[in-house]
> 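I have a structure here, written as structure tokens, and I will follow up with some questions on it.
Each ligand, and each atom within it, is numbered from 1 in the order the structure gives.
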Amino acid sequence: MIIRRPDDIPSSEITSEAHYLARREFIARAAGLGAAFVGATLLGACGTRDGAAAAARGGPDSAGATPLDDKPNSFEDVTSYNNYYEFGTDKADPKANSGSLRTRPWTVEVAGLVKSPGRVAIDDFLKPHRLEDRIYRHRCVEAWSMVIPWRGIPLRDVITRLEPLPSAKFVQFTTLLDPRQMPGQQRNVLDWPYTDALRLDEAMHPLAFLATGLYGKSLPNQNGAPLRLVVPWKYGFKGVKAIVKIAFLDRQPATTWNVAAPNEYGFYANVNPDVDHPRWTQSRERRIGEFRRRETLMFNGYASQVASLYQGMDLRRNF
Ligand SMILES: Nc1nc2c(c(=O)[nH]1)N[C@H]1C(S)=C(S)[C@@H](COP(=O)(O)O)O[C@H]1N2
Ligand SMILES: [Mo]
């Protein structure tokens, strides 16, 4: 086995999900991805707002872990460099292809071990809640990161209102299945619809969030409108976009990326610099808009707040 320094890894190889695809579909696409990656990192100066940076330090993610220079990425960065395979596998595809997704009317199904299962219009689903702004670090398993100012509702407030039964131990989120609106679903690149899940106690953590907007505006389609999950201490693939179903379960469900490549994407998906991806190190990351690499922080810098959820667990086995 050849051990390489992170700087030696070509950007095409950092695009993990794309490599998985390349293996499965036998298409050579590394050149294009490399170009997209370099292009995005060259976007340059971030749209720093002093107020936003201060909010980041004083906000719920402020337990000493936020470096002082952790400022939000620009709106342009956040909305033009995306992973959303329903609209294509290149970082620019979601912005280019998601414009025609209809996000109203939109129905959210609440299912499983919960007091009142049923289907509800999204605006009624959101109505009981006041929107909050949260600035969170985002760490993709592909070893890039951003800082994103979200708007939305704490997931635990939603769960508390829905009243899961005592037997509920997991919460599963499912993306819309509609190959006509989501052309990426016409290809077998993943088992559609996209799903992921959390243990109920993870979902009840105050940092877990359901986003309906970013930068104070409603969520752009490429970022997961009208409703998407945000779990800042986990790799980005946990952040299910365009949610149509929230199900409460008594057993751990299968999750899309774990099914696709179980040795690469675990159920827990906790950011852990000590557990390498089989094909590259996870110890460092490139913040979009920067050239130098940063050290990746345990639980993406939220360890002081979330580590207790995993006490006594072997974090190498449960990766
Ligand atoms: N439905 C769906 N949700 C998804 C994905 C996807 O392909 N489909 N990609 C995930 C991955 S790998 C990441 S890193 C984040 C990216 O979110 P962003 O584009 O808003 O930064 O979305 C996650 N949610
Ligand atoms: Mo990701």
Side-chain angles (χ1 to χ4, degrees), residues 14-21 33 36-37 40 72-98 101 103 136-152 172-179 181-185 187 189-198 209-215 217-232 234-245 255-261 264-266 269-271 277 280 282 285-289 296 300:
I14 301 207
T15 311
S16 59
E17 288 113 335
H19 256 250
Y20 156 77
L21 274 187
L33 285 159
F37 187 85
N73 281 87
S74 66
F75 182 82
E76 177 66 16
D77 284 350
V78 172
T79 59
S80 63
Y81 188 87
N82 301 102
N83 271 336
Y84 199 169
Y85 279 18
E86 285 85 342
F87 295 103
T89 54
D90 285 329
K91 294 290 179 281
D93 285 344
K95 180 178 180 178
N97 302 332
S98 67
L101 174 69
T103 58
Y136 283 156
R137 284 183 296 275
H138 172 95
R139 172 60 157 77
C140 180
V141 73
E142 296 163 338
W144 52 268
S145 63
M146 291 202 204
V147 177
I148 303 180
W150 298 107
R151 169 164 289 184
Q172 180 192 46
F173 302 85
T174 305
T175 295
L176 176 70
L177 178 63
D178 185 347
Q181 288 203 79
M182 296 180 146
Q185 292 178 340
R187 301 190 309 156
V189 297
L190 291 171
D191 266 337
W192 311 113
Y194 192 106
T195 70
D196 214 303
L198 299 169
F209 203 62
L210 280 175
T212 60
L214 59 80
Y215 263 108
K217 308 185 225 279
S218 60
L219 209 53
N221 284 352
Q222 60 268 36
N223 295 92
L227 188 68
R228 70 84 63 80
L229 180 63
V230 179
V231 193
K234 290 178 181 275
Y235 290 116
F237 67 87
K238 281 273 157 184
V240 178
K241 295 179 171 182
I243 294 168
V244 293
K245 184 176 178 184
T255 58
T256 295
W257 274 108
N258 183 248
V259 167
E264 302 187 11
Y265 311 105
N270 285 326
V271 175
H277 187 281
W280 60 83
Q282 290 290 20
E285 67 197 56
R286 187 199 289 278
R287 177 68 47 83
I288 298 303
T296 286
N300 202 23

> Indicate, as side chain, backbone, both or neither, the part of H138 found under 4.0 angstrom from ligand 1 when only non-hydrogen atoms are considered.
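It is the side chain that gets close, since no backbone atom is under 4.0 Å.
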> Please compare V240, N73, N83, D77 and report which has the shortest non-hydrogen distance to atom 16 (C) of ligand 1.
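Looking at heavy atoms only, the winner is N83.
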> Test your reading of the structure: does Y85 have an N or O sitting under 3.5 Å from an N or O of ligand 1?
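Indeed, backbone or side chain, Y85 has an N or O that close.
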> Determine, step by step, whether L198 and L229 satisfy the side chain to side chain contact (heavy atoms under 4.5 Å, CB included) criterion, reporting the C-alpha distance in whole Å, the side-chain angles of both residues, the deciding distance to 0.1 Å, and the verdict.
CA-CA 10 Å; L198 299 169; L229 180 63; 4.2 Å; yes
> Just checking, any donor-acceptor pair under 3.5 angstrom between side chains of R139 and S145?
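Note: R139 and S145 side chains miss the donor-acceptor criterion.
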> Check whether any N or O atom of W257, backbone or side chain, sits under 3.5 Å from an N or O atom of ligand 1, and answer yes or no.
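No - when backbone and side-chain N and O of W257 are compared with those of ligand 1, no distance drops under 3.5 Å.
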> Go through the structure and list residues passing salt bridge (charged side-chain N to carboxylate O under 4.0 Å, His left out) with K241, not counting sequence neighbours.
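Scan of K241 (salt bridge (charged side-chain N to carboxylate O under 4.0 Å, His left out), adjacent residues dropped) gives none.
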> Test your reading of the model: is there a side-chain donor-acceptor pair from N258 to the backbone of Y265, 3.5 Å cut-off?
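Answer holds: yes.
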> Counting heavy atoms only, which of K95, E86, K241 is nearest atom 8 (N) of ligand 1?
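When every heavy atom of K95, E86, K241 is considered, E86 comes closest to atom 8 (N) of ligand 1.
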> Is the backbone N or O of L210 less than 3.5 Å from a side-chain atom of W150, with the two atoms forming a donor-acceptor pair by type?
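Side chain of W150 to backbone of L210: no pair is present.
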> List ligand 1 atoms under 4.0 Å from T175, heavy atoms only on the residue side.
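Every atom of ligand 1 under 4.0 Å from some heavy atom of T175: 1 (N).
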> Would you say G239 has any N or O atom under 3.5 Å from an N or O of ligand 1, going by distance alone?
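Among all N and O atoms of G239, at least one is under 3.5 Å from an N or O of ligand 1.
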> Using a heavy-atom cut-off of under 4.0 Å, does the side chain or the backbone of R228 touch ligand 1, or both, or neither?
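Only the side chain of R228 comes within reach of ligand 1.
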> At under 4.0 Å between heavy atoms, is it the side chain or the backbone of Y194 that contacts ligand 1, or both, or neither?
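Under 4.0 Å from ligand 1, Y194 contributes side-chain atoms alone.
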> Is K238 near ligand 1, meaning one of its heavy atoms is under 4.0 Å from it?
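No; K238 lies far enough from ligand 1 that no heavy-atom distance drops under 4.0 Å.
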> Looking at N300 and P232, would you say the former's side chain and the latter's main chain have a donor-acceptor pair under 3.5 Å?
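Answer holds: yes.
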> Just checking, any donor-acceptor pair under 3.5 angstrom between side chains of K91 and N83?
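K91 vs N83: donor-acceptor pair found between side chains.
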> With a cut-off of 4.0 Å, which atoms of ligand 1 are near a heavy atom of C140?
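In order of number, 14 (S).
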